[in-house]
Amino acid sequence: MAVLVIAEHDGEQLAAATRSAVAAAQLLGSEVDLLVAGHRVETLAAAAACIAGLRGVLSCDAPQLEHALAECHAPLVASLAGEYSHVFTAATTTGKNLLPRVAALLDRAQVSDLMAVVDAQTFVRPVYAGNALETVRVEETPVVASVRPTAFGAVGDDDPVAIRVVQLPDAPPAGSRFLKLEASPGERPELTTAGVVVSGGRGVGSAENFALIDQLADALGAAVGASRAAVDAGYVPNDYQVGQTGKVVAPSLYVAVGISGAIQHLAGMKDSKVIVAINKDPDAPIFQVADYGLVGDLFQIVPQLIAALEK
Amino acid sequence: MKVLVAVKRVVDYSVRVRVRADGSGVETANVKMSMNPFDEIAVEEAVRWRESGQAEELTVLSAGPDACQETLRTALAMGADRGIHLRVPDPGGALEPLALAKLLAQQVAREPVDIVLLGKQAIDDDANQTGQMLAGLLGWPQGTFCSAIRFVGEGLEVVREVDGGLEHLALELPAVLTTDLRLNEPRYVKLPNIMKAKKKPIEVREAAELGVDIAPRVQIIQVAEPARRTAGVVLNDATELVARLREEAKVI
Amino acid sequence: MSWQPPVADLLFCLRQLVPLAELARAPAFAELDLEGETPELVLAEAARFASEVIAPIGEAGDREGARFGDEGVRAATGYRQAYAQFVEAGWQGLAAPVEHGGQGLPEVLSGATHELWNAADLSFALCPMLTDAAIQALHVHGTPEQRALYLPRLVSGEWSGTMNLTEPQAGSDLSAIRSQAVPNGDHYLLRGQKIFITWGEHELAENIVHLVLARTPGAPEGVRGLSLFLAPRFLPDADGNCGAANDLRAVSIERKLGIHGSPTCVMSFGEQQGALAWRVGGEHQGLACMFTMMNLARLKVGIEGVGLAARATEQAFRYAQERVQGQRDGEPVAILRHPDVGRMLLDMRSTSEAMRALALVTAAQADLARAFPNTGEGAAAQARLDLLTPIVKGWCTETAVEVASLGIQVHGGMGYVEETGAARWWRDSRITPIYEGTTGIQAADLSGRKLRLDDGAAMFALLDEIGATAQALKGGAQAFAGVGAALADAVLHLRASTRLQLTRMRDGERDAALAVSVPFLLQAGWVASAWQMARALRKTAGGADPFSRAKHRSALHFLEQMLPRALALGARVRVPARSDPLPH
C-alpha cells in the first residue's frame, strides 16, 4: 500500500513543511501520493505534481475546502485513507488541527511530531518538550502521523506526475465558518517555522536595545525570539518567548544573544541544527550547547556581525 | 449553558524530567505534579464564564490514577462546580488521546454540554490530539489553539493562534475548544477556596467499566534521553563566524 | 533563574515524620482532611505563590531596600502588589481561628508555608509572620471587643501587626524598658521610643496594629512592671473603618547587613498628646502576654533559618550542576562532580533537610498541645514544645548562617559577587540568630529555665526516644548499624551534658552552666535533628525512587559527617568553666 501525504497551502503556495512531510513519507519504502485539497487549486496541484519522488497527486476542489477547516477536510481525508498504509501531514498548526480529527473518524491512534522513521511501523517522537524521545510502534493500518518538519530535509522538484481528481464525500454541515486571517505583522518569518532564529536575553538590557536584535534578524532573514528573562524584564512581548513554557523551535540556525542558557530556555531551542552563542560570560551554560561561540560585549559584536553579513 | 473542562495531572513544568535507566519511561515517582498548564488556562476561562453568568454549570473531568483527584480539587478551588474522576488504575494509568476522547464523548452523551474546553496539549506526551479527536467523534465544530473566545449571538467567535498569524472563526454550538497560552492568565487559588473545594462533589467512575475501548493502540518500545549537544568552538570574531556559517555549517 | 520550592520534602516531613495521624483525629482538625489531600493542595499552591509572586520581588527588595522619606516608609518595588495578592489569596488566615475568618489549619502547616515565604524573600515574609504573632496574642489575651474589632482584619491581612519591645537602652534586657502608658478614660496614652521595629511603618496594609510593652504609672521595677498595649496606626471606629492617624510614627529606618526589603523602624509614640493605646491582658502581665507571641515567633524564626538554608542549598546545587570547571577522565565536568564540592553540597542539603524536619516536628507539638488540652498527651507535647523551641530557634538559625556561607563557597568568587544572589541568603540569614532573642538568650532559656523547671524530665524523655531509634537502627539492616551506633553514642553524650548542666544550675554554678549553654544548645540541636534524619532513613529504607535515594544519601551523610559535631560540642560542655574574670 502507498502513503498519503496531506499537502498544506495558503491557496497560493504550497507550504515548505509539506516537502518535509513527503521526505519523511519516502523513508517508509512505499510509493507516496500527495493530496491537495482546497478551492481553485489547479495551479497548486500542478506545482505539487512537480515534487520529486511522488507516485501521484490527488486533487480535490470544492468551495467548502477553501479554508483549512478541519470539519470539511477531515471527512475527505478519511474517505481516501482506506487505500493507504500511512496518512502523514506536517505538524504545523494546520496539520495539528486536522489530523487528529481524521484519526478519530478512522478510529486510529495518531503519532504526533514524528522525528525519525525507524521502520514503517516504528517511529521516534519527542515528549516532555523534547527532554525525552519515545520510540513507538503502531500495528494499525493506516498509520496516522504528523511529521516535525525541521527533523526532515525538504524534497526538491522533478518532472511532474499525474494528477487525479477526487470527489468530496457528503458530510454534515461544518458548524464553523472562516472569518479572517490576521497575518503576523512584519516581513519576518514566523518564529516556530523559521529557518533562522535570533533570540535576545537579559543581556540585551532594555526594550530599546532589542532593536539591535531586530537588525541582526533582518540581516539574516530570521525570526526574533527571546529568553524568558527578557520577556519577564519587559523587553519584548510574551509571544517572543522561546523555551519550555514558550515556543519550541528547531531552526537550521539559532543565534542566542545575551542569553545565559537557563535549562528552560535550552529545552526550547536545543534541537536547532546549528547554535551560535554571543555572551560576555565565557562560562555561560549556553556555550555548552553552542556550535560556535563569540565571547564579548554583544553591543560590539552584533554590529560587527551585521556588517560581516552584509559584505 | 453547560461547560465541561478536561484536566490532566502532569509532571510540573519546572521539573527537569529524567529518563529511567531501563528506558521504560521518565521518572515520575515523588516528582512534583501539577495541572497541565494549558488545562489550567481552560479552567480559568470557564471559571470566568461561570462568574460572568455565561455558564450555569462548570464540570471538570480528569481520567487517570487516584492522584487525579488532587488536580480536580485544584480546579474546584479555582471555581468549577463539580468534578468527575474516571479512574484508571496505576500503573498503566496513562490513557492515549483517542481513549480519552472516547471517554469524553461518552460523558457528553450521558450529560450533554454546550462546550467542551481542553488544553491544546499536555506537556507530558505533547500529543495535541484529544480536543480534535473529540470534535471528530461528536461531529462538532472545533476551535483549537484559541487565544480569544467570545460569545456572539447563539454561537462563538474564536481567535486561533496559527503559524501565519491569528485566524478568526465563527463556531456554532455545541463545540469543542482548545486553549493556547495567551488566552488568559490563570488566577492564584485562594486558600479559603481550597478549603471550600473539599466540600464540592467529585464523582468517581471506573474508566474500564464505561463500555469504551481504552486499550492502548501505540506500543512504547523505549524512552531515551536526547543526544546531548557538546560544546563547540569559541571563535575570534564576527568575520570568522560568518565564514564558518557559510562554508562549514552551510546554514546561511 | 527559577527556584523550585522543596514541596516533595515538605510533604515527606508532614506525612512521614510529623504525627499527622494524631493531629487528624483531634476534634479541632477533624474536618480538615489532614491525612488526605489538604497538605498537598495547600503546599502546591503556596509553592506556586511563593515562587511566582514573592520570589521575584526579593532582588529589588535587596538592591533598593525599603526607603524612608518625607512621606514616611516606602517599601521597595513590587512589595505592595505582592502583598495585595497575598491578602487576596487569603494566606494570612491559614492557621488563624475559624471564628475570626481563618482556616484553622494546624501550626505545622503554617510552618511549612512560612518556610516557603521565607525562602522566597525573608524581607517580605516578616510582615505576615509578625501579623500571625499579633493574631495569636490578641486571640489569647484580647478582650472580646478587641478581638471583634482587630482580629478579622489581621486575619485577612488587610491590617498587619508588629511587636514593639526593644528600646535603645533595653535590648536583650527588657527590664530596662521606659515607655509609659498613662490611663486616660477607656484607654491609655502611650509615650516612648522603640527601636528595631520590623515593618513598623509601611504602605502595604491599610492599618498597622502595634503591640507595645510599656509601664503603667507606679508599676514595679523590672519585667514585672511591664504591661502590653495595643496602639493602631490609624484609629478605627467601631466598624473597623480607619479614621484619624494615631500619635505615633516611624522616625527613621536602619541601614542593615541584610533583609533590606524589610523596613526596620525607629518608632516614636506620643510626640504630641500621646498615642491612644488599649491594654491587652492584665496590668503587669505584659511579659507573659508578649511571650504568647514570642514563643510562636521564635519557632517561626527558626523556620526562617530553614527557608534560607534550603534556598541557598537549591541555588548552590543548580550552580554546581551548570558550572563547568576542571576535568575528570579527560572530560570537562560540572563542579558538582568534584569531591569537595559534593561534600559541601551534601553538608548543605542534609543539614537543611534536618533543620526542616526538626522545625516541623516541633511545630506539630504546638498543635498537639492545643488539640488535646488537659490530657497526658497534650501535656507531653507542651513539654516537648517548650524544650525544643529554644533549640529550633538557636540551632536552626546558627546553622542557617553556616549553610548560606557554604552556598557562597560553592559559587567560588562568583558567590562573593552580588549578581549571583548567593550572598543575599547569607546576609539575610545573619539576623536570624540575633532577633527574637539571641542564641545566648535561647541557650540561657534552655539550660537556665527549661531544664530546671522539670528537672530535665522533658529532655530525658526525648533522649529515651532518640535512643530507641538508635537501637532500632543498630539492630536493623547491616548498612545502618554504624550510624545507629553513632546516634546512640551521641545520645549518651547529650545525656551526660544534660546532667552536668542540671547539676551546675542546682549547685549554684549558674555562670558555669551559662558559659557553655550555647555549645549545649547546639549539641542538642545536632542530636535532635539527627534523630529526624535517622527516622527518615528508616522510612525510606529500600525505596528505589529518586526521592528516597536522595533522602537516603542525605540521612547517611548527616549521621556520618554532621553528627560528630555534637561530640565536639559535648566536649566543650564537659570542660569546667574558669571562674576568673576575662582578661582585657
Side-chain angles (χ1 to χ4, degrees), chain A residues 70-71 74 92-93 96-97 100-101 103-105 109-110 112-113 126-138 140 172 174-184 190 192-193 220 239 244-245 252-253 263 270 273-274 276 287-295 301 304-305 308-309, chain B residues 11 13 16-17 19 26 37 96-98 101 123-129 132-133 135-137 139-142 144-145 157 161-172 175 182 217-226 229 231-235 237-239 241-242 244-245 249 251-252:
Chain A
E71 295 85 337
T92 56
T93 50
K96 287 172 177 176
N97 184 48
R101 191 166 178 124
L105 297 183
Q110 178 189 313
S112 290
D113 266 323
V127 291
Y128 291 95
N131 287 304
L133 299 178
E134 207 173 66
T135 304
V136 296
R137 186 168 176 82
V138 193
E140 302 178 311
S176 63
R177 191 160 46 86
F178 175 86
L179 297 174
K180 65 174 174 183
L181 178 71
E182 270 178 78
S184 301
E190 203 277 332
T192 51
T193 53
L220 283 163
D239 51 326
Q244 199 158 5
T245 53
S252 316
L253 174 61
I263 188 77
K270 65 181 162 39
K273 193 165 157 234
V274 173
V276 170
F287 287 114
Q288 289 160 32
V289 299
D291 299 281
Y292 302 112
L294 285 174
V295 177
I301 293 175
Q304 290 164 358
L305 184 56
L309 284 165
Chain B
V11 173
Y13 76 94
R16 187 196 300 216
V17 296
V19 173
V26 303
E96 289 179 8
L98 183 62
I123 61 166
D124 49 3
D125 65 12
D126 284 334
N128 194 335
Q129 298 173 5
Q132 298 88 312
M133 285 179 162
L137 293 175
W140 289 7
Q142 68 188 50
T144 53
F145 325 145
E157 280 186 23
E161 299 218 11
V162 296
D163 290 335
L166 299 173
E167 185 183 66
H168 295 239
L169 293 181
L171 301 180
E172 292 169 11
R182 275 193 290 185
R217 306 281 191 90
V218 177
Q219 185 194 351
I220 298 171
I221 295 173
Q222 72 151 359
V223 178
E225 299 251 5
R229 294 190 81 96
V233 287
V234 171
L235 307 177
D237 57 30
T239 316
L241 174 62
V242 171
R244 294 268 202 139
L245 291 176
V251 287
I252 55 170

Region of [X] that comes under 4.5 Å of a non-hydrogen atom in chain A:
| X | result |
| --- | --- |
| B/E96 | side chain |
| B/A101 | neither |
| B/R182 | side chain |
| B/L98 | side chain |
| B/P37 | neither |
| B/I220 | both |

Region of [X] that comes under 4.5 Å of a non-hydrogen atom in chain B:
| X | value |
| --- | --- |
| A/L105 | side chain |
| A/E134 | both |
| A/A132 | both |
| A/Q304 | both |

Apply side chain to side chain contact (heavy atoms under 4.5 Å, CB included) to the pair B/I123 and A/Y128, showing each step before the final yes or no. CA-CA 6 Å; B/I123 61 166; A/Y128 291 95; over 6 Å; no
Option in A/E140, A/E182, A/E71 with maximal non-hydrogen atom pairs under 4.5 Å from chain B: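 Ranked by contacts with chain B, first place is A/E182.
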If you count heavy-atom pairs within less than 4.5 Å of chain B, which of A/V295, A/L181, A/L133, A/V136 leads?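 Most pairs with chain B among the choices: A/L133.
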Hey, which of [options] has the most heavy atom pairs under 4.5 Å with chain A?
| options | answer |
| --- | --- |
| B/E172, B/Q129, B/Q219 | B/Q129 |
| B/V26, B/L169, B/V223 | B/L169 |
| B/L166, B/D125, B/D126 | B/L166 |
| B/Q222, B/E167, B/Q142 | B/Q142 |
| B/H168, B/E225, B/R217 | B/H168 |

What heavy-atom pair brings [X] and [Y] nearest, and what distance separates the two atoms?
| X | Y | result |
| --- | --- | --- |
| A/R101 | B/W140 | NH1-O, 2.7 Å |
| B/P141 | A/A174 | CB-O, 3.7 Å |
| A/A104 | B/M133 | CB-O, 3.4 Å |

A/E190: partners by side chain to side chain donor-acceptor pair (under 3.5 Å), with sequence neighbours left out: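 Testing A/E190 for side chain to side chain donor-acceptor pair (under 3.5 Å), a comparison that skips the adjacent residues, returns A/T192.
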Taking side chain to side chain donor-acceptor pair (under 3.5 Å) as the definition, give me every residue that meets it alongside A/D113, ordered by chain and number, with sequence neighbours left out.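 Result, side chain to side chain donor-acceptor pair (under 3.5 Å) vs A/D113: none returned.
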Contact between [X] and [Y] at the side-chain level, heavy atoms closer than 4.5 Å - yes or no?
| X | Y | value |
| --- | --- | --- |
| A/K96 | B/T144 | no |
| B/V162 | A/N97 | no |
| B/D124 | A/V127 | no |
| A/I301 | B/L241 | no |

Pair B/E161-A/T93, side chain to side chain contact (heavy atoms under 4.5 Å, CB included): steps then yes or no: CA-CA 8 Å; B/E161 299 218 11; A/T93 50; over 6 Å; no
For A/R177, does the CZ atom have more than 12 heavy-atom neighbours from other residues, nucleotides or ligands under 6.0 Å away?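 It does not: A/R177 CZ has 12 such atoms or fewer within range.
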Would you tell me whether B/N128 and A/S112 have side-chain atoms, one donor and one acceptor, within less than 3.5 Å of each other?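 Short answer, no.
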